[in-house]
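Worksheet for the structure shown next.
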There are 2 protein chains.
Amino acid sequence: MKKLVETSTEEKIMEAAKEVFMKYGLYGARMQDIANTAGINKALLHYYFRNKEKLFDKVFEGALQKYFQQMDVFSDSSLPIKERVFKYVDNILLFLSEYPQMSIFIIKEFSINPELFREKVQAVKRDKAVRLIQALEEEMATGKIKKIDPVLFMINLHSLCSYPFIGEPLFKHALKAQGKDWNKDFSQEKLNLSVKKFVEFSLGK
Amino acid sequence: MKKLVETSTEEKIMEAAKEVFMKYGLYGARMQDIANTAGINKALLHYYFRNKEKLFDKVFEGALQKYFQQMDVFSDSSLPIKERVFKYVDNILLFLSEYPQMSIFIIKEFSINPELFREKVQAVKRDKAVRLIQALEEEMATGKIKKIDPVLFMINLHSLCSYPFIGEPLFKHALKAQGKDWNKDFSQEKLNLSVKKFVEFSLGK
DNA sequence: TTTATGTTTAACTATATGGTTAAACCATTA
DNA sequence: TAATGGTTTAACCATATAGTTAAACATAAA
């Protein structure tokens, strides 16, 4: 029973830390805020994770892991690249529904402190992200897909998937002010179809 | 001469504040950091702008103004909507080249403190953002463009324009790790063409 | 040169924040 | 029941940070 309670507290802290760090970043986040969110005493944070940086490290590491895990499908050479991209779209949209601020969190913290996290990002990301580019180049060479700029395609793909979740609060506000309803006008399914149409348009012969 | 020096200092502060607030947000930014960036004494910040919130307000207000100004073109009813969108793409990409973090700055601060900025955002944004949607609906009704989901189109458009600048640091890192060169693989011109191709594909009959 | 006025700074204050400590609080076991 | 050991808390401490103040500085006018 002891062990269970322990894990539960640690998990509560991690969940709260994730939430607060994602919202405010390493500099903007307050330990007291994290403690309040987790519903525990501030000293407990230091009991489980020595200090702010260590706690942030854990959160950031986990975020990287989960985020780039979504790109594993790019390496599945049993599928044609278009199918891999389709699968990726399914994965990432589902993932971002749960953590809408994940992309921007990773990008921001990495830009603020590149030297501190370069190795960590490197280690987790490895070549997962660029596998997509390599696969695109291969299928272009064999004439299976259209000749396109693979880097630009990768950027566009990430843009279409990530930004809707990042910008949701503002989009919501803009629509509401005009009597429209975000929840009626936007859905993960619509976005999914729309992105895949773009992929089809870009790659399909 | 006095007046000139004054303006120059105030401007130096505003520039520095913009930079630091965009990087760290209201909570994460430090007045000392802003003072250092501006190359002045911290007390001067309070001399020109009473406190942190007031300074932030000025910066945020200016950011809103400039950002939504780019969307004025959506209201130019002398042009067909596709032309308006093309012009918007030109505008916003140029603007984001200068302030790559502008979209995310506005979104983040607005989400963190919606009640504080709702009116300000409302006042500046007005219906600029949704004018695009209205215009799309009009031209769909008259059969000038394809029948599409206008809200989804708006989201995709913003995604394709904003995210490349937001994610640049990470993209850069990903490509460099694979021996590729961001500056060779990405350019504003390429992106411009690519976005317009998407617009053509989405609206064009 | 002197005075007046606006600008800039160093030194300071009060509070917020990250982090520590010692005591209290369980649950398990001897 | 008493002892043990991990968990949790209130009360601290040291430092960082937003904001203030009084004095120094500079410039223009008298």
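Quick caveat, the model's predicted, so the values are computed rather than measured. Below, chain A is the first sequence line, B the second, and so on; all start at residue 1. The figures that follow rest on heavy atoms only: side chains count, while hydrogens, waters and symmetry mates do not.
Glu10(A) has its CD atom 15 Å from the C1' atom of dT8(D), to the nearest Å. Following rounding to the nearest Å, Phe49(B) (CZ) and dT8(C) (P) show an atom-to-atom distance of 12 Å. Distance, Asp33(B) CG to dA18(D) C1': 14 Å, rounded to whole Å. In this structure, Met31(A) atom CE and dT15(D) atom P are separated by 18 Å, rounded to whole Å. Protein atom CZ of Arg50(A) is 7 Å distant from nucleotide atom P of dT20(C), rounded to whole Å. Note: CD (Gln32(A)) to P (dT15(C)) measures 17 Å, nearest angstrom. When rounded to the nearest whole Å, the span between CG of Leu45(B) and C1' of dT7(C) equals 14 Å.
Between Thr9(A) and the phosphate of dT8(D), there is a side-chain N or O to OP1/OP2 separation shorter than 4.0 Å. Taking 4.0 angstrom as the limit, His46(A) places a side-chain polar atom (N or O) nearer than this to OP1 or OP2 of dG19(C).
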Please table the atom pairs, donor to acceptor, closer than 3.5 Å between any side-chain atom in residues 19-31 of chain B and protein atoms at least two apart or in another chain.
| residue | atom | partner | partner atom | Å |
| --- | --- | --- | --- | --- |
| Arg30(B) | NH2 | Tyr27(A) | O | 3.2 |

Identify every side-chain donor-acceptor pair in residues 63-75 of chain A under 3.5 Å, counting partners at least two apart or on other chains, and give the distances.
| residue | atom | partner | partner atom | Å |
| --- | --- | --- | --- | --- |
| Gln70(A) | NE2 | Lys66(A) | O | 3.0 |
| Asp72(A) | OD1 | Lys128(A) | NZ | 3.0 |
| Ser75(A) | OG | Arg131(A) | NH1 | 2.7 |

Could you pull out all donor-acceptor pairs under 3.5 Å where a side-chain atom in residues 89-96 of chain A meets a protein atom, sequence neighbours excluded?
| residue | atom | partner | partner atom | Å |
| --- | --- | --- | --- | --- |
| Asp90(A) | OD1 | Asn192(A) | ND2 | 2.9 |
| Asp90(A) | OD1 | Lys196(A) | NZ | 2.8 |

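Not counting sequence neighbours, the partners of Asn36(B) by the side chain to side chain contact (heavy atoms under 4.5 Å, CB included) test are Gln32(B). With sequence neighbours excluded, the residues that form a side-chain hydrogen bond (donor to acceptor under 3.5 Å, both in side chains) with Glu168(A) are Lys172(A). By the side chain to side chain contact (heavy atoms under 4.5 Å, CB included) test, Glu200(B) pairs with Lys82(B), Phe86(B), sequence neighbours left out. Remark: Ser111(A) pairs with Ile107(A), Pro169(B) by the side chain to side chain contact (heavy atoms under 4.5 Å, CB included) rule, at least two apart or across chains. Not a single ring pair (Phe, Tyr, Trp, His ring centres under 6.0 Å) links Tyr47(B) to another residue, sequence neighbours left out. In this view, Glu138(B) satisfies the side-chain hydrogen bond (donor to acceptor under 3.5 Å, both in side chains) rule with no residue, not counting sequence neighbours.
Cation-pi geometry between Lys120(A) and Phe110(A) is not met: the NZ or CZ atom fails to fall both under 6.0 Å from the ring centre and inside 45° of the normal.
Ring pair Phe105(A)/Phe60(A): centre-to-centre distance below 6.0 Å.
Across residues 20-29 of chain B, Ala29(B) each have a non-hydrogen atom less than 4.0 Å from an atom of DNA chain D (numbered order). Of the residues in residues 51-59 of chain B, none lies under 4.0 Å from DNA chain C by heavy-atom distance.
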Using a cut-off of under 3.5 Å, enumerate the N/O to N/O pairs linking the protein to nucleotides 9-13 of chain D.
| residue | atom | partner | partner atom | Å |
| --- | --- | --- | --- | --- |
| dT9(D) | OP2 | Asn41(A) | N | 3.1 |
| dA10(D) | OP2 | Asn41(A) | ND2 | 3.2 |
| dA10(D) | N7 | Asn41(A) | ND2 | 3.4 |

